[in-house]
Amino acid sequence: MRGHDRRRYLVFVVMSEIELDKYKLLNAILDSVHSLYGDIGTSESKLWLIKYDKNGRGVLRCTHRKVEAIRAALACIHSVNGVQIAITVIGISGTIKGAASIA
Amino acid sequence: MPNFFDLNVHAYPETDVPAEEMLRVAIRYGYAGIAITNHDDFVEVRKENQSVIYRGVEIRTKSVSELNRKIKHYAGKVPLVVVHGGAENINLAALKDHRIDILAHPCGEKGEGSLNHVLVRYAVENGIAIEFNMNAIIQSRRGDRARILSRMRDNLEFVRKYKAMAILTSNACSIYGLRAPRELIALAALFGMRREEAVRALSDVPLCILERRWNKAREVELL
């Protein structure tokens, strides 16, 4: 598994007009990735929302090949249910532990 | 890290977000400065912010004669003159005029316009930067986005062929419309822009445009 399927953990910050719950955010992310890359691209990126807390910080997992593609898809999210949001990736790590240490 | 600039941001009074608020978010994202380019209106900036908020205007018009009139009105008065592109005749008239600094979204906000060899040659001759508006990619979906991306891909080919100046902008109307430089670089990769090209389009090229303006302003003062 290590050879071809290395994982990356993207630490992101959500800027939003109101608080956003985890499932709405996950839907928005999947929607955006799907809209940009279709079924095949979405399956290849192996997305997983590791965590997201109320203060707007989260960790998203994907394969190391798709980091820039996922960054673009996150940047494409502009609103959720009519609420304006913006997502910025602030750090990338190869381990969950490393991602947790990104301030 | 190079200094990044976003040269197409809209703020109060066109939107309800003041320029200082936009600057605060932009600096957090890692920008060195932004330019406020409201449609047919320019803002006054407080003295202490003048080195980071640049005053500009985005001329939006339907006819060439109106465009020429507005260029005459704004040239020399506003440091950064941008034309809201899209329609073929407006693109042509704007690129023929050396007083223009940037042609914003030449493929229109919905991918309706396009560039060609003749237009890009004029852009090079007159030192006008071609803008790639990332907001169009962010806000559109499906067919619209596909059309915009393919237009941008074509435009990028022309820009490369004639070595024209290209810039990346967010065209933000609120703090949620702004994107960090690395996000814009990732978005630019969607239509085939290489990383180093995108970095240049966010740092060196905007800086070159701004410096040209500073020099011009200084010349005017000396006279």
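The sequence lines fix the lettering, A, B, ..., with proteins before strands; numbering per chain opens at 1.
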> Is it the backbone or the side chain of B:Leu190 that comes under 4.5 Å from a heavy atom of chain A, or both, or neither?
Replying inline: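 Only the side chain of B:Leu190 comes within 4.5 Å of chain A.
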
> Under 4.5 Å between any side-chain heavy atoms of B:Ile175 and A:Gln84, yes or no?
Replying inline: no

> Considering only heavy atoms, which portion of A:Leu36 lies under 4.5 Å from any heavy atom of chain B: side chain, backbone, both, or neither?
Replying inline: both

> Nearest heavy-atom pair of B:Leu187 and A:Ala72: which atoms, and what distance?
Replying inline: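 Nearest heavy atoms, B:Leu187 then A:Ala72: CD2-O, 3.5 Å.
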
[atom1] ([X]) with more than 12 external heavy atoms under 6.0 Å:
X: B:Tyr122; atom1: OH; value: no
X: A:Arg8; atom1: CZ; value: yes
X: B:Tyr162; atom1: OH; value: yes
X: A:Lys51; atom1: NZ; value: no

>> side-chain hydrogen bond (donor to acceptor under 3.5 Å, both in side chains) for A:Thr88 and B:Glu183? Distances and angles first, verdict last.
In response: CA-CA 7 Å; A:Thr88 316; B:Glu183 263 66 24; 5.3 Å; no

>> Working to the nearest 0.5 angstrom, can you tell me the gap between B:Tyr176 OH and A:Ser79 OG?
In response: 12.0 Å

> Do the side chain of B:Arg179 and the main chain of A:Ala75 share a donor and acceptor less than 3.5 angstrom apart?
Replying inline: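 Pair found, side chain donor or acceptor close to backbone of A:Ala75.
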
> Taking non-hydrogen atoms and a cut-off under 4.5 angstrom, which of residues 129-150 of chain B neighbour chain A?
Replying inline: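 B:Ile137, B:Ile138, B:Gln139, B:Arg141, B:Arg145, listed by number.
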
